[in-house]
Amino acid sequence: MRRTLATARDWFVDRAYALGWALVCRVPESWARSAFLLAGDIAWRRQGRGVQRLEANLRRVTGPQASGKELRALSRAGMRSYARYWMEVFRLPVISRERILADTVSNGGERAAFAQLAAGRGVIFALPHTGNWEVAGAWIIARGAGRFTTVAERLKPESVFLRFLAFRESLGFEVLPATGGNSRFGVLAQRLRAGGLVCLPADRDVTGGGIEVEFFGQKARMMGGPAALAVQTGAALLPAVLWFDGRGWGVHIYPEIPVPAEGSRRDKMAAMTQQMARNFEAGIAAHPEDWHMLQRVFAEDFDPGRLPAATGAGEELNAGVGGNGAAGGGGPS
């Protein structure tokens with residue numbers, strides 16, 4: 001009986017995603033936007049665990065000076081931003097390349113990335129769960145990147161994972177599953193040594209082997225994969241933060257985080273990941289409503305008995321090369 005219920009649930013989840021792509025692409029954008037914003041407002045009013053976690057995370061960003069009313073207004077804006085992300089995921093097949101190029105504003109940091117790629121050097125974009133990274137991926141490809149490689153969590157049911165896999169591959173992404181198959185770290189290292197581009201969300205440790213950093217004045221764990229890959233391959237590590245800019249999108253690509261000249265491999269990875277966290281801080285503080293983090297990030301929010309001992313920079317070079325969750329890990333990656 002339990003297996004039958006699980007099978008039925010998986011079928012309904014798969015059908016819901018299929019229906020989402022079929023319907024949202026066909027209705028006027030204004031209708032879709034209104035429906036998703038309403039869904040975001042409903043979720044915000046229900047104050048479920050995800051919303052409570054979002055508010056706890058945003059409290060770290062705003063600091064204690066923000067009133068409860070201000071925090072609630074920010075979390076509502078955050079849930080509306082999260083709803084917009086999902087609306088755009090379903091509508092991306094009908095959002096034109098020309099619109100993405102015209103409506104994306106950037107600080108110009110992509111020019112440094114393209115210069116490195118043109119010279120045959122690999123590039124790693126490390127990102128927090130902000131804005132819409134699928135649109136950003138389509139934008140960087142349209143700008144001339146060709147394609148890039150990333151890692152995604154293997155979803156349940158498998159049919160939904162395959163839908164997202166096909167969707168992202170249709171945009172030009174090479175997607176490696178976070179579990180099963182060959183070593184993700186090895187494949188990513190190969191792509192970088194060949195002068196390729198790798199994009200990895202990194203603001204939440206999903207492996208249990210991440211690197212401890214100071215983040216908004218508190219201890220947190222972030223993925224060590226971007227720094228590990230840079231140390232191992234010599235690729236350029238460039239943090240990038242995304243946000244929504246009116247009806248368009250914003251991208252800020254920070255300068256390369258160099259590999260320190262001194263110290264052990266662990267020390268180098270720890271220092272680079274801490275600098276990555278500092279860049280994430282700046283970008284999230286500028287656009288806190290677009291940080292879709294409905295999961296635990298900060299060490300004090302975890303049960304101490306279930307939190308792995310900090311390793312400083314991970315015991316393995318491939319520590320912290322996990323999959324990205326869709327906009328905060330709360331949905332498909």
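Side-chain atoms are counted along with the backbone in the values below, which use heavy atoms only and exclude waters and symmetry mates. All of these numbers come straight from a predicted model, not from anything done at the bench.
A donor and an acceptor atom, one from each side chain of Glu88 and Trp249, are located under 3.5 Å apart. With hydrogens and angles left out, the side-chain atoms of Gln275 and Tyr254 include no donor and acceptor closer than 3.5 Å. Looking only at atom types and distance, the side chain of Glu289 has no donor-acceptor partner in the side chain of Ser81 under 3.5 Å away.
Using modelled atom types, no side-chain atom of Asp245 and backbone atom of Gly248 make a donor-acceptor pair closer than 3.5 Å. In this structure a side-chain-to-backbone donor-acceptor pair under 3.5 Å is present from Arg91 to Val27. Although no hydrogens or angles enter the test, the distance criterion places a donor-acceptor pair under 3.5 Å between the side chain of Asn107 and the main chain of Ile253. Listed for the Ser75 side chain is no donor-acceptor partner under 3.5 Å among the backbone atoms of Gly78. Asn57 places a side-chain N or O within donor-acceptor distance of the main-chain N or O of Met293, the cut-off being under 3.5 Å. In this structure, Gln218 contributes its side chain and Phe215 its backbone to no donor-acceptor pair below 3.5 Å. Proximity of a side-chain donor or acceptor of Arg97 to a complementary backbone N or O of Ala142 within less than 3.5 Å is detected.
Under the 4.5 Å side-chain criterion, counting only non-hydrogen atoms from C-beta, Thr150 is not in contact with Val198. Contact of the Glu174 side chain with the Leu176 side chain is registered, since non-hydrogen atoms from C-beta on lie closer than 4.5 Å. Looking only at side-chain heavy atoms (C-beta outward), Met223 and Leu200 stay at 4.5 Å or farther from each other. Residues Gln295 and His129 have side chains not in contact (no heavy-atom distance under 4.5 Å, counting atoms from C-beta outward).
The existence of a salt bridge linking Glu262 and Lys268 is excluded, since no basic side-chain nitrogen approaches an acidic carboxylate oxygen closer than 4.0 Å. Ion pairing between a basic and an acidic side chain is recognised when a charged N comes within 4.0 Å of a carboxylate O; Asp103 and Arg247 show no such pairing.
Rounded to the nearest 0.5 angstrom, Ser34 OG and Leu38 CG are separated by 8.5 Å.
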Show your working on salt bridge (Lys or Arg N to Asp or Glu O under 4.0 Å) between Glu300 and Arg221 and close with a plain yes or no. CA-CA 11 Å; Glu300 70 176 18; Arg221 286 200 175 210; over 6 Å; no
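Checking each of Arg59, Arg60, Arg296 against Asp301 for a salt bridge (charged side-chain N to carboxylate O under 4.0 Å, His left out) leaves exactly one that passes, namely Arg60. Results of the ring pair (Phe, Tyr, Trp, His ring centres under 6.0 Å) test with Trp133 over Tyr85, Phe173, Phe125 single out Phe173 as the only residue that passes. Just one residue in the list Leu54, Leu37, Ile42 forms a side chain to side chain contact (heavy atoms under 4.5 Å, CB included) with Met79, and that residue is Leu54. The side chain to side chain donor-acceptor pair (under 3.5 Å) with Glu214 is formed by just one residue from the set Gln274, Arg278, Lys219; it is Arg278.
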Only pairs under 3.5 Å count here: list side-chain donor-acceptor contacts from residues 233-244, not counting sequence neighbours, and write none if there are none.
unit_1	atom_1	unit_2	atom_2	d
Thr233	OG1	Leu229	O	2.7
Thr233	OG1	Ala235	N	3.2

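Using the six-membered ring where Trp is involved, Phe298 and Trp291 have ring planes that are perpendicular, over 60° apart on the 30 and 60° scheme.
Both Ile141 and Leu101 are assigned to one and the same hydrophobic cluster, defined by single-linkage of ILVMFWY side chains at heavy-atom distances under 4.5 Å.
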